[in-house]
Amino acid sequence: MKKILAGVDIGNSSTEVAIASVEGDHAEFLSQHLVKTTGIKGTIDNVKGIRRALQEAAKKAGIELKDIDLIRLNDAVPVIGDLAMDLISETIITESSMIGHNPDTPGGAGLGVGVTILINELFEVEEKDQDYIAVIPKSFDYEWVAQRLNQAESKGISITGAIVQKDDGVLIHNRLNKKIPIVDEVALIEKVPLLKLAAVEVALPGHVIRTLSNPYGLSTVFQLDPDQTIQIALVAKALVGNRSAVVIRTPQGEVVERKIEAGRIILIGTNNQQLEVSINDGAEAIMNTYEKLEMLDTLADVRGETGTNVGGMFNGLRHDLAELTGQLSNEITISDFLAVDAVIPTSISGAMAGELSMESGVALASMVKTDKVPVQRVASLLEKEIGIAVEVGGVEAEMAICGALTTPGTRKPIVILDMGGGSTDAAMMNKAGKITSSHLAGAGDMVTMLINSELALGDKELAEKIKKYPLGKVLSLFHMQLEDGTMLFSETPFPPYTFGKVVIREEQDLTPLSSKVSMEKIREIRRSAKRRVFVTNALRALKRVIPTGNLKHLSFVAMVGGSALDFEIPQMLTEELGKYGIVAGFANIRGTEGPRNAVATGLVLSSVRIGHEVLK
Amino acid sequence: MNKSSIYITILYNSALPPNQIQEVCAGLEEEGVPFLLQKWDKAGSFIELGKEAASRSPLEVGIGIDQNEDLCVHHDKLKQEEPYLQDKLQNGRTLGKNAARLIKGLPLSL
């Protein structure tokens, strides 16, 4: 007898449905559909999304919703992950002592050293033998400024450089009788201290400054002793690579590199083994400590040292998850975490043109065990609402393997890597069909967080787009350079808001990025974020599911889940796992679906107990 | 190459006092792109002037300014009715700057 079966997979971000007509041990798949998951995975809010997915899939299959005889749901256990990121070091420059920025068009070239003075107070100076640096706020017109500077020059007042608020550097420079270096577009010019010794340096186009970015250059200019030189070395470091800069020395000025007490992570094992590691030691040390604990014991919980950054990080996490699940926050335990090194741009205190310094930090993704939320409640509600029998199928990992085995060219023993938004899961099925699985924290969302932070975007949606699509750079009205260096021509001009910019190439639209970071750099950050999360986690996950713990004993790895759809993550893993002689690639469920629909397909197939000998 | 033969053409309605267009020129000068100012005695909208300026410009980019103080940046390869940028004369500095940046291949300030 023919029966219509629907497999429903509720995931963290999407709900997938597969509909098949089943006769005996033969299943013929009719349609599939994907919608965004409504509510938190495993809660009754999911029903809304499931109904919509079923309706759409039924429509595609050319049947009525009521024709479906049985719906099989995955045993959706909410695996909740959360992300946190914090600084471990910070450069603080007090008493504002530098401006290092790259206006597109500074004026002149060279180095000027002198005492800062407002342009309108130029003629009131007393000491004639002193060199001056003119400070020019935006209320002054360039013609007037140039005239004033020329006048001062003829009166014998020596002006060796200028700091300008507006974008007037070249205009002023062109009108001067005696040429001086001019740094312009200094937004917070009112913060420039007056009557203090300052140095202005501008390099020729295509060059970078050499004196102010050299600690001994600074010590020469400001006549510093060795101790002061050590202090000012940080300023030089922050100015490396700039085309122009201003350094102002204020006697009480101080530069320090402060190590923030980021705190210690305390790893607690089930047998009360306890290991501690400091966040300041970096991601590698943290993950090594974790590995050490796993050798002795199993991780039961993770805590952060109270009163430190990391303590706050973990407490916030527990609090959020407690609210989400309705549990008490002390009942929530962390079952896994992933730490990766991150670069965190931080605005320099005391900077005058909004400069950022790149500080090192650690990003953490953690996974939390919660009590099983009864998916049965979802099943009952769904059954009541649509009047079709609903049963809860097997464990997600088993279903995913069952679905993954429909990929042409695979056989048992096989390992699947399910790479989603919050977690990376691995499951292995041996020859006998026995399955072992592991859930690990850190996946697509962590990549998004790293991109968001390292490019200082402050915009998660934009970071998500950078993760998903390749880049291009609009070079002229009609052509664009792609990531691989090839050129793309367009018959219609690129819109003005994209001109000269690095753009994200979505299917239809171009989204311009406002930052000055080069396409190569953005690509590097994107790829490195993916590598840091997915390569690390794939290796971690695989080691846990292989009985021998040795990756060389594996032959087939099939990647499934949303992140397996990414345009470069699967290739990175294919490359990395290839080193161990593993055949790794993204699955092609039923030979047609790509890495999607594995669990939904598995739910249908597991009920007819057949392997991968399935006809479409 | 003769330096003076590389420039952006600015065509402006002769009814406008020259000091009004000084800001447009300042925008170009700050970016370091040469320009040639030309008066236009006949009638014509800023878009027609822009297109004509672009066709006269060796850099294929031109600026047109009419007596209503409207102005545009045009490119020789674009259709006349679709100038690349449009603005009012009070924002002349930015428009001049953007015309120059179009030549330099740098992002525009919008």
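Small disclaimer: the values here were computed from a predicted structure and weren't measured. Just so it is clear: chains get the letters A, B, ... in the order the sequence lines come, proteins before strands, and each one is counted from 1.
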query: Counting heavy-atom pairs under 4.5 Å to chain A, which of B:R101, B:H75, B:K104, B:E31 comes out on top?
result: B:R101
A:K521, NZ atom: more than 12 neighbouring heavy atoms under 6.0 Å: no
field: Test: B:R93 and A:D167 ion pair at under 4.0 Å
entry: no
field: Carboxylate-amine/guanidinium proximity below 4.0 Å for A:R175 and B:E29
entry: yes
Region of B:L110 in contact with chain A, defined by heavy-atom distances below 4.5 Å: side chain
- request: Would you give the length of the straight line joining atom CZ of A:F499 to atom CG of B:L85, rounded to the nearest 0.5 angstrom?
  value: 9.5 Å
A:R210 atom CZ: more than 12 heavy-atom contacts under 6.0 Å: no
- request: Decide if atom CD of A:E461 counts as having more than 12 heavy atoms of other residues, nucleotides or ligands within a radius under 6.0 Å.
  value: no
- prompt: Between B:L102 and chain A, which part of the residue has a heavy atom less than 4.5 Å away: side chain, backbone, both or neither?
  reply: both
- prompt: Which of the residues A:P493, A:S476, A:G169, A:P512 is involved in the greatest number of heavy-atom pairs with chain B at under 4.5 angstrom?
  reply: A:G169
- prompt: Can you say whether A:L475 sits under 4.5 Å from chain B via the side chain, the backbone, both, or neither, judging by heavy atoms?
  reply: backbone
task: Report the distance from atom CG of B:L106 to atom NZ of A:K501, rounding to the nearest 0.5 Å.
output: 11.5 Å
field: Gap between atom CG of B:D76 and atom CG of A:L477 - 0.5 Å precision
entry: 11.5 Å
field: Euclidean distance, A:D104 CG relative to B:E30 CD, rounded to 0.5 Å
entry: 9.5 Å
task: Could you tell me whether B:K39 atom NZ has more than 12 heavy atoms of other residues or ligands within 6.0 Å of it?
output: no
statement: Closest non-hydrogen contact found for B:P107 with A:G500 is CG-O, 3.3 Å
query: Is atom NZ of A:K179 surrounded by more than 12 heavy atoms (other residues, nucleotides or ligands) closer than 6.0 Å?
result: yes
